[in-house]
Amino acid sequence: MLCPKMILIDLDGTLIDSVPDLAYSVDAMLARLGRPPRGEAAVRNWVGNGVERLVQRALLGTLDGEAPAADFALALPIFMEIYAENTSGRSVAYPGVREGLDYLSGAGYPLGCVTNKAAQFTLPLLRDLGLLDYFGTVVSGDTLPEKKPHPAPLLHAAAHFGVAPADALMIGDSVSDVTAARAAGFRIICTSYGYNHGRDIREANPDAVIDSFTQLRTLIAPAAR
């Protein structure tokens with residue numbers, strides 16, 4: 001079993017299904033721009049790299065590419081305004097998340113949340129869903145100049161806890177999390193249900209894949225006292 005000295009956890013697609021609020025905000029933004037909606041199924045494949053990339057993808061209707069600069073400059077503040085008012089009303093913690101967090105915190109692990117979501121959305125979302133108090137640090141997408149898949153956010157959180165990367169574990173849902181963890185020297189567990197642009201996360205070769213946070217007690221031993 002794993003016995004790290006610190007555990008970092010991604011937010012969207014790992015702890016919380018935030019797509020319903022994101023999809024609502026995307027379609028409301030597009031309606032204000034006089035464009036047709038994209039729908040929740042499309043948005044589910046586009047999230048995970050920050051709101052800027054989500055807005056680009058919503059404008060284009062595809063995963064890759066860059067929208068015209070003028071279109072993006074007009075759309076982004078509209079999305080930010082709408083999402084600020086619709087950050088948590090439709091979002092839910094995945095089944096088993098609270099039980100898993102209770103196990104990890106009760107087992108003595110320092111926990112941090114590391115996400116590409118901007119702080120102005122991250123903190124209210126965690127607070128509104130009753131998850132904020134589990135975490136000793138929160139590193140958002142705009143905390144540092146770099147965001148995942150760059151390793152800097154993970155190393156920043158490890159430094160906060162005074163833990164060496166070799167003794168740290170990341171729990172995420174996407175290839176971005178796996179890439180960041182490997183670059184930082186962390187172990188990595190991924191959820192099977194998250195946002196990985198429609199691809200099976202097992203293709204990224206994390207150390208383990210779980211279907212529910214309740215399985216963490218079978219993979220992670222109580223922390224050394």
Side-chain angles (χ1 to χ4, degrees), residues 7-31 37-59 61 63 75-101 111-135 137-143 147-149 153 157 170-178 180 189-199 201 210-213:
I7 300 172
L8 303 181
I9 308 176
D10 174 58
L11 180 59
D12 301 274
T14 303
L15 293 171
I16 294 172
D17 183 8
S18 54
V19 162
D21 281 305
L22 289 165
Y24 173 87
S25 300
V26 162
D27 285 345
M29 172 196 74
L30 292 170
R38 298 299 187 186
E40 187 172 310
V43 173
R44 193 166 289 278
N45 281 333
W46 294 340
V47 299
N49 303 110
V51 296
E52 293 85 358
R53 285 305 309 156
L54 177 59
V55 170
Q56 293 275 10
R57 289 162 177 166
L59 291 171
L63 191 64
L76 182 61
I78 295 174
F79 177 86
M80 299 287 276
E81 174 195 337
I82 295 169
Y83 190 48
E85 298 297 324
N86 295 274
T87 306
S88 63
R90 301 163 186 81
S91 299
V92 294
Y94 286 105
V97 160
R98 296 179 200 280
E99 295 89 337
L101 291 175
L111 302 178
C113 181
V114 178
T115 175
N116 283 347
K117 187 185 290 291
Q120 72 178 98
F121 307 126
T122 298
L123 298 176
L125 182 57
L126 285 169
R127 186 181 302 113
D128 291 350
L129 271 66
L131 302 180
L132 184 60
D133 289 344
Y134 284 104
F135 299 106
T137 189
V138 176
V139 182
S140 300
D142 51 359
T143 300
K147 63 180 71 173
K148 297 178 295 181
M170 178 78 194
I171 302 174
D173 69 303
S174 71
V175 66
S176 176
D177 293 315
V178 176
I189 294 173
C190 284
T191 61
S192 62
Y193 51 74
Y195 311 147
N196 192 40
H197 312 308
R199 300 186 63 182
I201 191 58
I210 56 173
D211 300 318
S212 167
F213 261 52

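Values reported hereafter were calculated over all heavy atoms of this structure, with side chains retained and with hydrogens, waters and symmetry mates removed. Values in this document were obtained by computation on a predicted structure and should not be read as measured data.
A 4.5 Å side-chain heavy-atom check between T115 and L15 finds every atom pair outside the cut-off. Side-chain contact between F79 and L22 is present, with at least one heavy-atom pair separated by less than 4.5 Å. For the pair S91/L125, a side-chain contact is recorded, criterion being any heavy-atom separation below 4.5 Å from C-beta on. Side-chain atoms of V43 and L54, non-hydrogen and from C-beta on, do get closer than 4.5 Å to each other. Between L101 and I9, the closest side-chain pair of non-hydrogen atoms falls below 4.5 Å. For the pair I82/S25, a side-chain contact is recorded, criterion being any heavy-atom separation below 4.5 Å from C-beta on. Using a 4.5 Å heavy-atom cutoff, the side chains of L131 and R98 are in contact. Inter-residue side-chain proximity for D211 and Y193 is flagged as unmet; no heavy-atom pair is nearer than 4.5 Å.
Not counting sequence neighbours, the partners of A42 by the side chain to side chain contact (heavy atoms under 4.5 Å, CB included) test are R38, W46. Residues meeting the salt bridge (Lys or Arg N to Asp or Glu O under 4.0 Å) test with R44, sequence neighbours left out: D17, E40. Partners of T143 according to the side chain to side chain contact (heavy atoms under 4.5 Å, CB included) rule, which considers only residues two or more places apart in sequence or in another chain, are V139, S140, H156. Residues passing the salt bridge (Lys or Arg N to Asp or Glu O under 4.0 Å) test with E99: none are found, sequence neighbours excluded. Listed by chain and residue number, S176, D177, N196 satisfy the side chain to side chain contact (heavy atoms under 4.5 Å, CB included) test with S174 (two or more places apart in sequence, or in another chain). Under the side chain to side chain contact (heavy atoms under 4.5 Å, CB included) criterion, N45 pairs with no residue at all, not counting sequence neighbours.
Distance check, rounded to the nearest 0.5 Å: NZ of K148 to CE of M170 gives 4.0 Å. For the atom pair SG of C190 and CD1 of I210, the computed distance is 9.0 Å after rounding to the nearest 0.5 Å. Summarising the geometry, atom CG belonging to L111 is positioned 11.5 Å from atom OG1 belonging to T137; distances are rounded to the nearest 0.5 Å.
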Q: Go through the steps to decide whether V178 and I201 satisfy the test side-chain contact (heavy atoms from CB on, under 4.5 Å), and finish with yes or no.
A: CA-CA 9 Å; V178 176; I201 191 58; 4.3 Å; yes
Q.
Using side-chain contact (heavy atoms from CB on, under 4.5 Å), reason through Y134 and C113 one step at a time and then give a plain yes or no.
A. CA-CA 9 Å; Y134 284 104; C113 181; over 6 Å; no
Q: Just do the side-chain contact (heavy atoms from CB on, under 4.5 Å) check on I16 and L129 with the steps written out, would you?
A: CA-CA 9 Å; I16 294 172; L129 271 66; 3.8 Å; yes
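When every heavy atom of V47 is checked against every heavy atom of Y195, the shortest pair comes out as CG2-CD1, 3.1 Å. Closest non-hydrogen pair, P153 versus V114, comes out as CB-CG1, 3.7 Å. Closest approach of T191 to G13, counting heavy atoms only: OG1-O, 3.3 Å.
Inspection of the R57 and N49 side chains reveals an N or O donor paired with an N or O acceptor under 3.5 Å. Side chain to side chain, D173 and T14 meet the donor-acceptor criterion of an N or O pair below 3.5 Å.
No donor-acceptor pair closer than 3.5 Å links the side chain of N116 to the backbone N or O of G141.
When each of D10, D12, T122 is tested with K117 by the rule side chain to side chain donor-acceptor pair (under 3.5 Å), just one qualifies, namely D12.
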